[in-house]
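Only one structure is covered here, and it is reproduced in the block below.
Note that the structure is predicted; figures quoted are calculated from it, not measured. Below, chains carry the letters A, B, ... as their sequence lines are ordered, and counting in each starts from 1.
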There are 2 protein chains.
Amino acid sequence: MKTFSMNQLERYPAYLKYFKELRDQGVEYVSSPRIGAKLGYSEEQVRKDLQCVSVSAGRPKRGRSVEQLIEDLETFLGYRDVSGAIVIGVGHLGGALMNFPSFNEMGLEILAGFDVSPSLIGQKIGGKEVYDYKRLHDLMPKLNAHIAIICVPASIAQSVVDSAVCCGAKGIWNFAPTHLDVPEGVVVETVDLASSLAVLSHRMNEANAKKR
Amino acid sequence: MKTFSMNQLERYPAYLKYFKELRDQGVEYVSSPRIGAKLGYSEEQVRKDLQCVSVSAGRPKRGRSVEQLIEDLETFLGYRDVSGAIVIGVGHLGGALMNFPSFNEMGLEILAGFDVSPSLIGQKIGGKEVYDYKRLHDLMPKLNAHIAIICVPASIAQSVVDSAVCCGAKGIWNFAPTHLDVPEGVVVETVDLASSLAVLSHRMNEANAKKR
DNA sequence: GAATTTTCGGTAATGGTTTACCGATACATG
DNA sequence: CATGTATCGGTAAACCATTACCGAAAATTC
């Protein structure tokens with residue numbers, strides 16, 4: 001197995017999803033050009049991406065085994081070892097994530113939510129209990145959760161993260177629009193809607209300018 | 001103004017957010033090293049990033065004018081011209097986006113939602129009406145919405161996007177976990193949670209492996 | 001007002017990612 | 001069984017992004 005870049009890593013889930021579709025359709029083999037056409041990548045890029053994660057080689061004129069690719073990618077992405085996570089901040093977004101059905105397929109299990117709002121504490125959202133945020137120190141270690149999903153306002157996100165790290169969080173999935181500092185050994189991944197929107201707007205302007 | 005990359009574009013919203021915080025604190029000037037320390041970038045990168053969007057030069061020993069930076073970035077990011085958008089699929093996620101308060105600050109105005117569920121049609125979510133999806137062709141042009149925010153299941157996302165494009169959508173903000181094909185002149189930006197999670201998991205594994 | 005410090009802008013070097021190309025190989029076809 | 005074609009893996013080139021460096025300039029200090 002070769003080395004791979006962050007960009008490649010970001011593409012792998014899309015490959016896996018497509019391969020599962022193919023499997024459901026009964027397709028046994030798939031070629032790089034076909035994959036590229038479907039997902040919007042060049043065939044060279046597809047080949048290079050898959051070479052990094054695939055144990056077996058592709059066969060000329062046929063392509064690669066769909067079943068094998070799925071196995072390789074699931075193993076590579078860690079979808080077969082489940083990590084426990086908690087959601088901190090069960091507002092609209094936090095609640096939506098707790099209701100998200102497909103995290104389980106990705107090796108992520110949301111175990112519980114935490115919030116300060118009395119109207120939420122004790123409720124079940126997406127089948128998981130919402131606990132009082134005060135009980136984080138007590139419950140997070142017991143739940144054996146290593147990922148904290150941060151859905152609180154930006155203004156308090158840093159202090160919430162500090163608490164989560166203190167309770168044993170090794171990964172922070174940050175949905176608050178702010179940069180977070182964490183100690184060595186803890187990882188932060190931020191989902192930044194503002195960035196995504198900036199890219200969309202910019203490309204829309206570009207497309208519009210080109211037209212004229 | 002120089003050329004800039006997509007990566008830089010993604011960083012600009014974070015800069016802007018920080019500069020607004022500084023303004024609220026009454027800070028008038030800010031230097032690149034200070035910005036970098038706060039946001040986790042190198043000072044060289046900050047300088048290069050800001051040189052691309054800033055009209056005025058920074059001053060040695062002082063830095064750049066916070067007020068000027070905010071103006072430059074807001075103009076550059078298009079936060080001063082508002083685009084109308086609609087949400088298609090008012091489930092947990094779509095509803096959360098309709099309730100999101102800060103899109104207005106980013107030049108995005110959500111005008112309405114569309115869904116097929118009778119229990120949602122006619123409701124108000126985040127102060128905006130939810131209409132029957134059947135009325136998309138009728139209403140989308142009247143609303144003058146150019147962005148469609150896709151929050152439907154992946155299986156129907158492509159057909160929904162085709163309809164939205166047909167109704168005049170020039171930009172697609174895609175929250176469905178699937179690749180979408182659109183005609184020339186239309187832009188798609190996908191928010192891919194699976195990718196983000198893959199990066200988080202991978203970096204957690206790396207951090208964990210390093211520790212030993 | 002001279003010396004020191006901080007930050008600046010610009011350019012060069014580095015590192016990383018994507019694209020392009022090429023000979024080899026397995027399958028399909030006649 | 002020979003020929004043609006689609007796809008493969010690998011390597012080289014091109015492209016883009018980040019990092020490092022340096023002389024200059026504005027503010028501060030003495």
Side-chain angles (χ1 to χ4, degrees), chain A residues 1-15 18-19 22 27-69 72 179 192 195 198-199 202-203 206, chain B residues 1-15 18-19 22 27-69 72 179 192 195 198-199 202-203 206:
Chain A
M1 200 180 294
K2 307 183 181 183
T3 57
F4 58 93
S5 71
M6 260 334 121
N7 293 13
Q8 290 179 295
L9 186 52
E10 290 186 2
R11 286 191 290 268
Y12 289 131
Y15 287 115
Y18 176 48
F19 298 151
L22 289 175
V27 177
E28 283 186 45
Y29 286 88
V30 63
S31 71
S32 300
R34 187 169 164 193
I35 298 166
K38 172 73 181 182
L39 299 180
Y41 310 142
S42 74
E43 65 176 87
E44 288 90 348
Q45 187 165 62
V46 172
R47 229 171 259 133
K48 243 194 153 217
D49 285 350
L50 297 184
Q51 277 173 21
C52 292
V53 294
S54 184
V55 179
S56 64
R59 287 154 72 180
K61 194 85 179 179
R62 260 199 159 174
R64 291 181 158 78
S65 156
V66 171
E67 197 58 52
Q68 184 67 53
L69 281 169
D72 290 345
H179 173 80
D192 189 341
S195 292
V199 172
H202 170 73
R203 292 209 305 230
E206 248 185 354
Chain B
M1 201 179 291
K2 309 185 179 182
T3 58
F4 58 93
S5 70
M6 256 340 117
N7 292 14
Q8 289 178 294
L9 186 52
E10 291 186 0
R11 286 192 290 267
Y12 290 131
Y15 286 115
Y18 176 47
F19 298 151
L22 289 176
V27 177
E28 283 185 46
Y29 288 87
V30 64
S31 71
S32 299
R34 189 170 162 190
I35 298 165
K38 172 72 182 182
L39 299 179
Y41 309 142
S42 73
E43 64 178 276
E44 288 90 349
Q45 188 165 62
V46 172
R47 231 171 259 134
K48 245 198 150 209
D49 286 349
L50 297 183
Q51 276 172 23
C52 293
V53 292
S54 185
V55 179
S56 64
R59 287 154 71 180
K61 193 84 179 178
R62 257 199 162 174
R64 291 179 157 80
S65 155
V66 171
E67 198 60 50
Q68 183 67 53
L69 282 169
D72 291 345
H179 174 79
D192 189 342
S195 292
V199 172
H202 171 73
R203 291 210 305 231
E206 247 185 355

_Length of the CD-C1' vector between A/Gln45 and C/dT18, whole Å_ =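 Spelled out: CD on A/Gln45 to C1' on C/dT18 is 6 Å.
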*asked:* If I take atom CG in residue A/Leu69 and atom P in nucleotide D/dT7, what distance separates them, rounded to the nearest angstrom?
replied: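 In whole Å, D/dT7 P lies 15 Å from A/Leu69 CG.
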*Identify which nucleotide among C/dT19, C/dG9, D/dA20 has an atom closest to any side-chain atom of A/Glu44, counting heavy atoms from C-beta outward.*
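That would be C/dT19.
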Can you see if the side chain of [X] gets near the phosphate of [N] - specifically, an N or O under 4.0 Å from OP1 or OP2?
{"X": "B/Arg11", "N": "D/dA17", "value": "no"}
{"X": "A/Ser32", "N": "D/dC8", "value": "yes"}
{"X": "A/Asn7", "N": "C/dT18", "value": "yes"}
{"X": "A/Arg59", "N": "C/dC27", "value": "yes"}
{"X": "A/Arg34", "N": "D/dA6", "value": "no"}
{"X": "B/Arg47", "N": "D/dT19", "value": "no"}

*Do A/Tyr29 side-chain atoms and A/Lys61 backbone N/O form a donor-acceptor pair below 3.5 Å?*
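No; judged by distance alone, with no hydrogens or angles, the pair does not exist.
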*Between B/Val30 and B/Leu69, which heavy-atom pair has the shortest distance, and what is it?*
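That would be CG1-CD1, 4.0 Å.
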*Taking 4.0 angstrom as the limit, do B/Glu43 and B/Arg47 come out as a salt bridge?*
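Salt bridge: yes.
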_With a 3.5 Å cut-off and heavy atoms only, can you find an N or O donor on one side and an acceptor on the other between the side chain of B/Lys61 and the base of D/dT28?_
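No, the side chain and the base share no sub-3.5 Å donor-acceptor pair.
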